[in-house]
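Notes follow once the structure below has been shown.
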Amino acid sequence: MNGAQGHATAASPTLGVTICGVDFKNPVIAASGTFGYGEDMIDFFDPGLLGGIATKGISLKPKAGNPTPRIWETASGMLNAIGLNNVGLDVFLEKKLPFLRSLSDTACIVNFYGHTVEEYAELAGRLGEVEGVDFLEMNISCPNVKEGGIVFGTDPKLMATVVSAAKKRCRVPLIVKLSPNVTDIALMAKTAVDAGADALSLVNTFTGMAVDIRRRRPILANGVGGLSGPAIKPLALRMTHAVCQAVAVPVIGMGGIMNARDALEFMLVGATAVQVGTASFVNPTAMPDMLTEMGALLAEQGVDNLCDWIGTLQTP
Amino acid sequence: MNGAQGHATAASPTLGVTICGVDFKNPVIAASGTFGYGEDMIDFFDPGLLGGIATKGISLKPKAGNPTPRIWETASGMLNAIGLNNVGLDVFLEKKLPFLRSLSDTACIVNFYGHTVEEYAELAGRLGEVEGVDFLEMNISCPNVKEGGIVFGTDPKLMATVVSAAKKRCRVPLIVKLSPNVTDIALMAKTAVDAGADALSLVNTFTGMAVDIRRRRPILANGVGGLSGPAIKPLALRMTHAVCQAVAVPVIGMGGIMNARDALEFMLVGATAVQVGTASFVNPTAMPDMLTEMGALLAEQGVDNLCDWIGTLQTP
Amino acid sequence: MAEKVRTRILARRLTGGDYYLLTLGNPIAAAVRPGQFVMVGLADAADPFLKRPYSIYRSLPPSTERPEGELVLLIKRVGKGSAQTASVPVGTAIDIIGPLGQPFAIPEGSTSALFVAGGVGVAPFIELAATLAGKGMHIQALIGGRSEVDLQGIGALEELGVTVRCATEDGSAGTSGRVTTLLEDAIEAGLPEGTQLYVCGPDAMMKAVGAIAQRAGLPCQLSLEAVMGCGFGVCLGCVVKDNHGEFVRVCKEGPVIPADRLQDYGFGDIGDGEVAK
Amino acid sequence: MAEKVRTRILARRLTGGDYYLLTLGNPIAAAVRPGQFVMVGLADAADPFLKRPYSIYRSLPPSTERPEGELVLLIKRVGKGSAQTASVPVGTAIDIIGPLGQPFAIPEGSTSALFVAGGVGVAPFIELAATLAGKGMHIQALIGGRSEVDLQGIGALEELGVTVRCATEDGSAGTSGRVTTLLEDAIEAGLPEGTQLYVCGPDAMMKAVGAIAQRAGLPCQLSLEAVMGCGFGVCLGCVVKDNHGEFVRVCKEGPVIPADRLQDYGFGDIGDGEVAK
Ligand SMILES: Cc1cc2nc3c(=O)[nH]c(=O)nc-3n(C[C@H](O)[C@H](O)[C@H](O)COP(=O)(O)OP(=O)(O)OC[C@H]3O[C@@H](n4cnc5c(N)ncnc54)[C@H](O)[C@@H]3O)c2cc1C
Ligand SMILES: Cc1cc2nc3c(=O)[nH]c(=O)nc-3n(C[C@H](O)[C@H](O)[C@H](O)COP(=O)(O)OP(=O)(O)OC[C@H]3O[C@@H](n4cnc5c(N)ncnc54)[C@H](O)[C@@H]3O)c2cc1C
Ligand SMILES: Cc1cc2nc3c(=O)[nH]c(=O)nc-3n(C[C@H](O)[C@H](O)[C@H](O)COP(=O)(O)O)c2cc1C
Ligand SMILES: Cc1cc2nc3c(=O)[nH]c(=O)nc-3n(C[C@H](O)[C@H](O)[C@H](O)COP(=O)(O)O)c2cc1C
Ligand code: FES
Ligand code: FES
């Protein structure tokens with residue numbers, strides 16, 4: 001109970017964590033693209049309860065996104081092909097950021113993406129200098145329009161280029177959000193860190209597809225989409241573990257986290273914090289519920305301070 | 001009904017397909033590692049009803065496999081780390097193959113793996129010359145013990161080497177079974193075909209992990225395991241589609257197929273046949289049930305002959 | 001204000017064919033406005049994964065005879081979710097999120113309303129009729145369906161004083177043909193001054209009705225459907241394009257949207273409505 | 001011969017604490033032997049994904065009073081699957097696969113049996129007792145548990161003429177302590193010539209009992225547990241190592257295995273028994 005209120009009593013474990021010198025009152029962060037710009041779910045709970053909020057991915061210009069259908073349910077998960085629909089940098093700064101800034105005790109993580117190295121660099125520069133932005137989170141699961149559409153986050157060289165370009169311009173800690181659609185996630189993690197990433201988050205969605213046998217067409221208007229939700233949890237957990245073994249920077253884990261137990265699993269394998277996405281669609285109070293449970297679960301394990309839990313997985 | 005019995009009437013669609021010149025009376029094949037050597041499930045249905053059977057992966061020497069726990073349930077799926085437990089080549093040929101050979105109307109696909117290029121080549125040679133073996137299916141999701149443990153199926157060069165070495169020795173059509181744990185499955189598919197693969201099958205399992213927060217350990221004794229079941233279906237379907245677009249050889253699709261509708265989805269995106277694995281654990285008659293339903297579903301779509309269905313997905 | 005609350009199934013009644021009325025406890029009664037919807041899923045069920053959107057057919061607050069109130073949904077069984085709520089026992093715990101979305105607008109001083117419904121699209125009109133009837137308004141309803149069994153909610157509307165006319169495609173009840181013909185007839189016969197059109201049904205029908213309304217210069221509100229990930233504005237899955245090419249969220253700016261904002265809206269198709277298990 | 005068949009829940013009775021007796025229809029009665037198990041899952045349920053193994057507590061064939069027969073399971077609620085079968089209504093359709101595995105061996109001419117059970121491990125002994133009692137054998141049972149509530153099936157055993165002695169770790173019933181102490185006492189007191197030991201319970205207990213039996217030179221059969229993917233021999237998930245370092249499948253060569261084949265068996269741990277949703 002106390003966890004969710006943010007008032008730790010003597011008995012309830014401390015949930016605070018620190019990432020790149022920024023204190024989070026708890027490790028639960030709303031995942032990009034699943035919490036709008038922080039205001040839409042205010043009917044359900046006070047977003048100021050969260051450790052942090054990652055915004056919908058921001059681009060230089062507003063983006064209308066893909067035609068519908070944009071989402072489809074799958075076994076224990078969902079596919080989405082929203083197409084990075086967002087209000088664009090200017091509207092974000094003017095209309096959306098003020099609310100996030102008002103949540104003084106909740107880290108503001110601005111997720112962003114570009115179509116070229118230059119766009120990433122410009123966004124990193126402009127977003128990073130704004131009052132109230134605590135972190136930038138770089139979504140590199142996007143195609144490079146200048147290089148035949150190769151996804152930045154799936155090619156080590158391209159990734160190094162774009163991360164170091166963004167890092168040069170970025171005045172706040174830079175989180176690089178890894179794509180799971182790669183052969184060797186640990187290599188990608190090391191590449192990102194070598195190029196300047198201050199922290200990593202993972203996983204973004206796995207590329208998937210659904211088809212309609214009646215119409216003999218893909219169901220999503222975009223053809224393919226990204227899979228999220230509990231279906232991917234075992235894969236995301238394995239990747240988070242591999243990345244935590246490979247790099248020394250803080251790691252934010254995600255992928256199918258539905259409850260406190262899942263969140264603790266990601267932190268057990270080494271994540272300093274977690275993001276929660278799809279769970280909020282099914283249960284809009286998933287995040288505050290998780291905070292409540294997390295304290296109780298940790299106490300059950302005899303852990304007073306979440307920091308004593310992180311990365312304590314024993315491997316044989 | 002008729003489909004399952006293998007007696008097509010005028011009204012029920014024809015389910016036969018041909019792969020590398022070998023006729024399959026229907027497109028449903030038991031997936032490797034989920035149907036033993038064909039005999040264990042005889043209580044539930046006549047294995048001779050199936051289009052084909054892929055055996056548990058055979059190695060030169062018998063293999064005891066991993067310690068337990070070897071499997072764990074996940075959301076809409078399961079992790080396994082059996083460790084390629086098998087009876088070994090000699091026992092297989094002597095004790096297990098005769099039963100498979102007795103199913104004259106069901107294709108016998110012998111799945112095999114090695115730890116070195118030489119082992120793959122030797123197995124391909126020895127298994128491929130045996131009476132009653134219709135296909136070899138090469139599991140390349142195994143580490144190369146001679147090259148720092150890189151998994152054959154995740155490195156294009158290594159894959160080309162091992163596939164061409166096996167192909168040279170192999171007298172029956174060689175199916176290469178792709179690992180999904182790669183950045184670019186289409187590239188891997190092309191590499192395999194260029195190296196001599198006569199057909200491809202995909203997907204093998206996705207690497208995943210489960211942890212026990214009480215004991216702070218991985219649940220599987222092996223640490224990581226392979227994810228199968230409906231959870232991976234959207235990912236497997238996307239990869240099957242990508243591979244069918246990339247190569248001209250026959251493709252056998254699999255990954256989370258539970259029923260006829262799922263099977264038809266894989267064939268719609270271009271697979272000539274399908275394999276069914278985990279579904280049989282949950283429902284031992286999943287495959288014969290699927291055959292029954294498949295005829296009805298095709299008839300509903302106005303399709304007389306399964307061959308008129310394969311690869312007819314319309315993309316915008 | 002929307003809430004996520006747990007309640008339970010109080011009653012279920014088949015109303016013919018694949019249709020049933022599902023009565024839940026109604027902890028959200030105070031907030032409900034006609035035209036809003038709820039997201040519904042069995043408590044603690046992991047399958048189906050997402051909740052399902054249903055219009056609020058009737059919302060009765062708790063009272064002495066109905067201590068839990070009644071939130072009534074009219075559901076057509078089409079797939080996994082609607083089959084599940086059709087078969088679990090009365091008493092089963094249900095999670096609802098709602099009330100969600102924009103209600104029907106009831107312009108100040110309006111005295112006449114015409115509902116145009118296709119099939120299960122009649123659902124939001126019972127609650128709307130109750131509200132409008134309370135204001136003493138004159139209400140007509142035109143209801144279309146493939147066959148007689150698809151004409152739902154007629155009794156409930158008539159009880160509320162609504163004049164109902166029906167059309168079925170197979171001619172099994174009412175006029176033979178489409179509801180759009182009934183609408184054209186009604187317009188030709190003359191509608192009372194300032195009649196508001198309220199429309200809910202399949203996309204094709206709504207497009208046709210929207211066009212007729214525009215030609216006739218009638219104010220028209222459409223209640224849209226879209227595949228929904230969340231139901232409360234955060235996934236951006238449910239959008240439709242408006243006149244300016246902007247995407248609006250059916251769950252948040254909708255489901256009720258003035259037809260003239262959507263002359264040319266880009267509904268996507270939603271597949272064959274079945275998800276593999 | 002094992003089958004996959006659909007039946008339904010005929011009755012459910014709480015027997016204290018987290019334990020309940022679940023009575024299903026019994027389409028497989030003719031094939032059941034004591035010590036075998038079934039894989040169980042709600043019909044058409046996608047969650048939990050895998051079926052769950054349960055020993056057959058009692059198998060009664062169809063008769064005039066029991067037209068569907070009765071397949072009775074004693075289940076301890078520990079996680080998702082066992083909680084689901086504890087809560088769905090009587091009448092719910094259930095899929096079972098079985099009977100599976102090797103039954104207890106009843107050596108030709110044996111006249112005396114001693115059961116050693118820990119907690120829910122008592123489950124297979126009721127059906128075994130019924131069979132042995134039918135042969136006029138002398139049967140004793142030693143039952144251990146943490147607390148009184150963990151001593152299950154005693155009445156059923158006694159009705160079948162079994163002499164039951166109990167031990168609880170907290171001393172709330174029977175002797176205070178472990179069931180292994182009861183066993184050592186019984187051995188010291190002297191067991192009838194040729195007594196067969198039948199053992200089922202937690203790993204640690206089975207290891208201890210196996211060792212005692214070996215020292216005492218008593219023939220001993222263990223009924224093992226293992227996490228199971230399939231239950232019928234194809235996934236190779238459920239293996240234990242035998243004396244020769246070979247893996248044997250608990251579902252196929254087991255669950256009943258002679259203890260002397262497993263002096264040193266390599267049980268894995270199975271986690272904390274909860275799976276995320
Ligand atoms: C605002 C709104 C109000 C609605 N009101 C009603 C109502 O009062 N009564 C009623 O019977 N139906 C109503 N619907 C449609 C209803 O949501 C779908 O019939 C239902 O979601 C089908 O779920 P299923 O699991 O049975 O079908 P499945 O086909 O198994 O569903 C698969 C997926 O597609 C989605 N889906 C399928 N059909 C539709 C559809 N027509 N519209 C939106 N999503 C769909 C499901 O939500 C799910 O995510 C409404 C839809 C919306 C958006
Ligand atoms: C041959 C055999 C006979 C059994 N007989 C009985 C019986 O008569 N009564 C009874 O209450 N229990 C019995 N068990 C144990 C029973 O199978 C587990 O308690 C049950 O599977 C737990 O499922 P769950 O979903 O409630 O727990 P969860 O913890 O949610 O299950 C997660 C996974 O672990 C597996 N699992 C968890 N605990 C066990 C366990 N102890 N043994 C094997 N797998 C486990 C589950 O099957 C599932 O795959 C038997 C097990 C075996 C192998
Ligand atoms: C509807 C939807 C929209 C998303 N949009 C973005 C986005 O704009 N930028 C981004 O980096 N990730 C985006 N994601 C990915 C999530 O932030 C998260 O990485 C992923 O969904 C896995 O976590 P989950 O399983 O908890 O949802 C989106 C996910 C969903 C489901
Ligand atoms: C328990 C188990 C054992 C398996 N063993 C093998 C194997 O020996 N060789 C192989 O190529 N694939 C093996 N597989 C992979 C399957 O053949 C199949 O590729 C995968 O499970 C995806 O299909 P499914 O979701 O239908 O199970 C195994 C899968 C499982 C679940
Ligand atoms: S359904 Fe998620 S934004 Fe509308
Ligand atoms: S449980 Fe699958 S082999 Fe035993």
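Numbered from 1 within each chain, the chains take letters A, B, ... in sequence-line order. Computed from heavy atoms alone, side chains included, the values below leave out hydrogens, waters and symmetry copies. The model shown is predicted, which means the values in this text are computed figures rather than measured ones.
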Is it the backbone or the side chain of [X] that comes under 4.5 Å from a heavy atom of chain B, or both, or neither?
X: A:L237; value: both
X: A:L297; value: side chain
X: A:V224; value: side chain
X: A:V151; value: neither

Could you check whether any side-chain heavy atom of [X] comes within less than 4.5 Å of a side-chain heavy atom of [Y], counting everything from C-beta outward?
X: A:T207; Y: B:L235; value: no
X: B:M209; Y: A:L313; value: yes
X: A:T183; Y: B:N181; value: no
X: A:E265; Y: B:I213; value: yes

#### Entry: Heavy-atom pairs under 4.5 Å with chain B, option from A:G225, A:S76, A:A221 with the top count
A:S76

### When A:A242, A:P218, A:S179, A:G223 are compared by non-hydrogen pairs under 4.5 Å with chain B, the top option
A:P218

### Message
With no hydrogens and no angle check, just 3.5 Å: does a side-chain donor-acceptor pair link B:R216 and A:T312?
### Response
yes

### Message
As an exercise, state the distance from CZ of B:R215 to CD of A:Q301, rounded to the nearest 0.5 Å.
### Response
12.0 Å

### Task
Return the minimal non-hydrogen interatomic distance between A:L227 and B:A231, and the atom names on each side.
CD2-O, 3.8 Å

